[in-house]
Enquirer: 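Below is one structure. I have some questions about it.
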Amino acid sequence: MASQYDRVSFRTQVLTRHLRSPSPSPPPALPDSLSSSPCLSYSPPELSEPPFVFDTKLMRSLLDGHNIQDRDWLFNLMMQSNLFNPRKLGHRTFVSPDHNQSMEQERAMTMKRIEYLLDRGVYKGWITGNGAEAELRKLALNEVISLYDHSLAIKLGVHFSLWGGAIQFFGTKRHHEKWLQITEEYGIKGCFAMTELGHGSNVRGIETITTYDSTSREFVICTPCESAQKYWIGGAANHATHTIVFSQLNINGKNQGVHAFIAQIRDADGNICPNIRIADCGHKIGLNGVDNGRIWFDNVRIPRENLLNSVADVSPDGQYLSVISDPDQRFAAFLAPLTFGRITIAVCAVYSSKVGLATAIRYSLSRRAFSLAANEPEILLLDYPSHQHRLLPLLAKTYAMSFAGNYLKSIYVQRTPEMNKTIHVVSSAFKATLTWHNMRTLQECREACGGQGLKTENLVGHFKSEYDVQSTFEGDNNVLMQQVSKALLAEYVAAKKQKKSFKGLWLEHMNGSSPVIPSQLTSSNLRCSSIQADIFCLRERDLLEHFVSEISAHQKQGRSKEYASVMNYQLAEDLGRAFADKAILLTFIETEAKVSNGPLKNVLGLLRSLYALTILEEDASFLRYGYLSRENAASVRQEVSEPGSSGQSSDLFSHSAVTSASLRLFVILPWGIVATVHHPRRLLRQTLLKLSLSLQPLLHLPAAAQPPLPSSSVTPLVTRRLISSVSSAFKATFTGHNFEDASGMS
Amino acid sequence: MPSSSSTNEAPDQVLVEGHLFVRKIVLNRPMQLNALSNYMISRLLELFIGYEEDPDVKLIILKGNGRAFCAGGDVAAVACDSEGNWRLGAKYFWKEYTLNYIMATYSKPQVSIINGIVMGGGAGASIHGRFRVVTENTVFAMPETALGLYPDVGASYYLSRLPGFFGEYLGLTGTRLDGAEMLTCGLATHFVDSMKLPLLEEALCKINCYDFSNISLIIENHADQPKLKEKSSYHRLDVINRCFSHRTVEEILSALEQESAKKNDDWISAAIQSLNKASPTSLKISLRLIREGRLQGVGQCLVCDYRMTCHAIRGEINRDFFEGNRAILVDKDKNPKWKPSSLDQVSDSMVDRFFSRIDDEDWEDLKLPPRSNLPALAIAKL
């Protein structure tokens with residue numbers, strides 16, 4: 001006990017020193033006046049920044065797009081349960097999983113959280129609901145959940161979207177009646193065994209084999225070799241009772257391609273079923289709340305009805321029947337549930353970027369480093385142009401990608417069979433682009449937070465490993481981008497062959513003549529949305545034509561199209577990126593058009609320009625292929641580095657004064673995000689909030705030196721109050737109560 | 001200060017006793033259970049603003065005369081005023097919410113001695129303060145939904161911060177709490193036997209500095225640890241959480257009905273009964289208010305309250321406020337005819353309209369007085 005008090009009084013003395021400033025050295029100022037040392041003067045940016053110029057609620061509804069009340073409801077549910085580790089700090093509740101737990105604990109907690117949300121009716125209609133409304137609700141709630149914990153979202157995604165989705169899409173009435181309701185109620189726990197050790201993205205190459213035994217009317221599933229073991233199957237290691245098995249179907253000696261079956265792998269008590277072997281994939285760099293496992297099938301027998309038979313069936317006497325004769329098309333039909341997964345991954349990636357940026361930008365509004373001259377206050381990180389240049393382009397991109405994500409969701413929920421190709425191409429392009437952007441953003445934000453970014457509880461750094469998997473699962477990003485350029489190629493060839501105009505995928509611009517970019521790009525036309533769109537379209541058009549001619553040149557030499565596109569991977573990558581960037585820009589412009597004139601629209605315009613110009617500056621293809629002249633590229637750079645300023649200045653201070661107008665604009669943007677994110681965790685929680693925020697009331701009383709009490713009478717009072725407050729703050733830390741409780745005030 | 005048409009305005013509705021560094025404010029309208037008249041609100045506002053500046057005031061004690069602390073706003077008078085001109089009513093609420101805000105962000109300690117009924121506006125005048133002392137005579141409720149209103153006075157701020165979904169339960173059903181329950185759920189900070197109140201007041205009046213922990217200590221020395229009564233619904237917080245966490249009022253009601261089918265508990269049937277009797281529109285608004293309250297500061301909550309109240313007394317979206325007032329307070333037939341009369345007829349867009357700004361040139365959002373020294377955590381009292 002004694003040592004605790006020693007520590008308390010030691011800290012008190014240290015803090016008191018900050019307040020008294022009796023030191024002989026720098027300030028010759030008023031002897032007794034109180035000025036708080038900058039290292040104690042932390043205040044959340046809300047208090048020091050000017051009010052927002054636009055309505056943050058409107059911005060939030062634009063970013064979230066839909067089901068805002070449902071989102072808040074779910075945030076509330078989490079804040080109210082100890083399962084989500086709520087920690088109260090002042091009037092805010094902070095929730096975050098405890099990442100200091102072992103893998104086993106994390107898995108058990110994930111399951112408990114799933115049950116809590118189940119009891120509260122969160123999953124109602126996730127499977128049995130129909131129509132756009134139910135799907136949007138599910139998407140919104142999933143985004144909220146992923147913001148809390150990626151593991152929780154993925155574990156739910158496996159059960160609902162992959163297992164449940166497979167039954168919905170590949171099953172027929174008998175499967176729907178038997179499985180959908182019980183799945184929504186978690187009466188069983190499903191998983192999805194597609195990937196094998198030897199085959200991931202190339203699903204058609206999987207080696208698991210299923211045959212049919214017409215005497216017992218059963219299918220027999222077999223893992224013929226080690227590379228055919230199912231690998232990375234989420235839920236398989238601990239919890240799942242049932243699985244969808246993807247397997248080659250061999251009927252009477254003929255391979256009919258990949259089909260999906262339902263197999264039980266555990267009984268209700270959690271015992272592994274006969275002829276099933278399961279192993280754990282072990283500890284991972286992230287997502288340890290999900291129990292990924294490996295499965296072997298040793299001639300497992302399942303009833304004939306367990307074939308998901310929407311596209312093909314096997315009659316009781318063993319005849320193969322299918323409405324789709326082309327095995328290629330049959331296979332394509334099997335990938336439908338992965339589309340939903342890709343969409344959720346893409347939109348969740350944006351939310352994770354928002355957490356990173358909100359944290360890093362808030363931090364840069366409170367942390368100071370270096371003064372420009374002696375005895376001057378240190379400069380806020382965000383007042384450095386270099387720091388702005390690190391974070392704000394990422395902010396603009398994140399806004400752009402939010403709108404792109406919303407667009408993707410909207411076409412998905414309104415889908416018709418004709419739109420399948422569009423949805424596949426757009427979701428592939430966005431999934432890859434948005435998840436790559438997320439990883440880059442998190443890394444930059446982590447670095448921008450300095451050492452604070454390394455703390456798990458500040459989330460930014462930890463998210464890097466939690467979200468890394470996004471670029472791999474549900475389709476490797478590189479593979480997806482290749483598919484995008486292949487799809488564009490196919491569109492082009494089809495349009496030319498049938499002499500039809502381009503339609504869909506925003507390729508209509510290919511029908512007209514090539515846009516002309518002004519030879520001298522000025523600030524105003526760089527900010528013009530139609531000119532931005534022109535440049536992006538020009539790049540895509542030219543790259544596509546280039547790609548087509550390269551491929552046909554190869555083909556003329558007698559090589560296959562596949563060989564040709566493998567060899568032209570660089571062009572294919574440039575083209576995929578060009579498509580994605582263009583699509584994102586166009587969805588941004590579309591969103592902006594829907595907003596009525598006013599401050600909100602102005603901010604959106606600024607962000608859109610920052611997005612477009614950042615892409616222009618970053619992507620080498622603009623210069624490589626000459627879409628931008630060197631002079632124009634220079635004007636782009638100029639425009640990006642000094643948005644809003646017309647005058648030039650070499651002096652940093654006047655520079656920051658010049659840019660302050662635009663800076664202000666940017667500065668408030670994160671609140672738009674924060675309002676959206678509602679993720680209450682912020683940087684500096686331990687170090688500053690706990691200490692100086694709780695000191696804030698005291699520091700503020702005298703420090704607001706407008707009509708204060710005579711300063712001589714203040715000092716002892718404040719010091720004493722400071723001491724008592726600091727010690728109670730420490731008591732709070734030791735006893736685990738929050739500050740207000742421990743100080744005996746409530 | 002008195003400015004409106006309400007009658008019986010007498011300066012003795014608010015009494016002030018001055019002690020050395022302590023001011024004791026007594027709500028003195030016992031016949032009306034100390035319901036806050038227009039005059040009383042104006043006077044309290046004036047006193048609180050004045051005392052904040054006054055270096056000689058270190059502590060404010062607020063109590064009520066008679067068997068109530070304060071039974072709420074003088075709704076009947078406001079309704080009567082508003083029927084003619086809703087702006088008169090709006091003025092009343094503007095002042096009342098401003099008072100709530102000042103109390104919630106007050107830099108000096110306020111001790112409310114709640115020795116009797118505390119409801120609606122009375123809760124707004126006490127819960128936002130730093131110390132809330134209750135006794136065995138205390139009866140708390142937010143009964144607004146039965147009146148065609150919703151828990152205003154910033155209640156969406158403190159109700160939403162009660163454990164679990166207890167706030168939704170209180171706000172929607174208007175359930176009454178006793179002193180022990182208030183202490184357990186956090187609405188009260190101390191429980192003191194009413195016999196000891198004179199001693200407590202005497203001790204408090206000797207205070208000469210605003211050291212919160214010192215005041216806390218003094219009250220603690222007089223406090224008791226009451227026992228939660230056996231039938232208290234607080235014992236069933238698990239059931240309350242399960243039911244009142246649902247997203248819509250309809251779902252809450254059906255969850256309650258399922259629970260009552262499982263096990264017939266008095267408090268569940270009472271809750272169902274209250275929900276069925278309350279204005280359907282009020283229920284939906286209240287739920288949304290409390291939900292949004294979780295993520296808002298007290299100022300934002302009050303701005304919301306003001307919008308909603310103006311809609312209610314303007315009577316354009318619906319007239320449940322006047323109907324409730326008629327049935328409960330004026331005619332006392334206790335049989336209000338709500339319109340719309342059932343939950344499914346209250347559309348989301350209708351609820352949205354209550355949350356929107358009022359389409360009227362002269363109307364403006366509640367402008368809260370700037371609180372220059374507002375520290376980041378000053379607003380959290382619960």
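In what follows, chains are A, B, ... by sequence order, proteins preceding strands, each numbered from 1.
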Enquirer: Considering all heavy atoms of both residues, which atom of Ser245(B) and which atom of Arg120(A) are nearest to each other, and what is their separation?
Expert: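 So the two residues come closest at OG-CD, 2.6 Å.
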
Enquirer: If every non-hydrogen atom of His246(B) is compared with every non-hydrogen atom of Trp73(A), which pair is closest and at what distance?
Expert: C-NE1, 3.5 Å

Enquirer: Specify the closest pair of heavy atoms between Asp352(B) and Gln69(A), including all atoms of both residues, with the distance to one decimal.
Expert: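 That would be OD1-NE2, 4.1 Å.
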
Enquirer: In sequence, state the C-alpha distance, the side-chain angles, and the governing distance for Arg247(B) and Lys124(A), and then conclude on side-chain contact (heavy atoms from CB on, under 4.5 Å).
Expert: CA-CA 11 Å; Arg247(B) 157 90 167 75; Lys124(A) 219 163 82 185; over 6 Å; no

Enquirer: Considering all heavy atoms of both residues, which atom of Phe165(B) and which atom of Leu77(A) are nearest to each other, and what is their separation?
Expert: CZ-CD2, 3.4 Å

Enquirer: Heavy-atom distances under 4.5 Å only: say whether Asn82(A) touches chain B with side chain, backbone, both or neither.
Expert: neither

Enquirer: With rounding to the nearest 0.5 angstrom, report the CZ to OG1 distance, Arg161(B) to Thr93(A).
Expert: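 Those atoms lie 7.5 Å apart.
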
Enquirer: So which part of Thr248(B) gets closer than 4.5 Å to some heavy atom of chain A, the side chain, the backbone, both or neither?
Expert: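 Contact with chain A is absent: no heavy atom of Thr248(B) under 4.5 Å.
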
Enquirer: Tell me, side chain or backbone of Asp348(B) under 4.5 Å from chain A's heavy atoms, or both, or neither?
Expert: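 Neither part.
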
Enquirer: State the CG-CG distance between Asp238(B) and Asp119(A), to the nearest 0.5 angstrom.
Expert: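 Atom-to-atom, Asp238(B):CG and Asp119(A):CG are 11.0 Å apart.
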
Enquirer: Please report the closest heavy-atom contact between Asn76(A) and Arg294(B), naming both atoms and the distance.
Expert: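 Shortest heavy-atom separation between Asn76(A) and Arg294(B) comes out as OD1-CD, 2.8 Å.
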
Enquirer: Output yes when Asp72(A) and Arg291(B) qualify as a salt bridge under the 4.0 Å nitrogen-oxygen rule, no when they do not.
Expert: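 Looking at Asp72(A) and Arg291(B), the cut-off is not met.
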
Enquirer: If you count heavy atoms of other groups shown closer than 6.0 angstrom to CD of Glu133(A), is the number above 12?
Expert: no

Enquirer: CG of Asp359(B): more than 12 outside heavy atoms within 6.0 angstrom?
Expert: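 Not more than 12 within 6.0 Å, no.
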
Enquirer: By a 4.5 Å heavy-atom criterion (distance strictly below it), what part of Pro109(B) contacts chain A: side chain, backbone, both, or neither?
Expert: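 Neither part; nothing is under 4.5 Å.
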
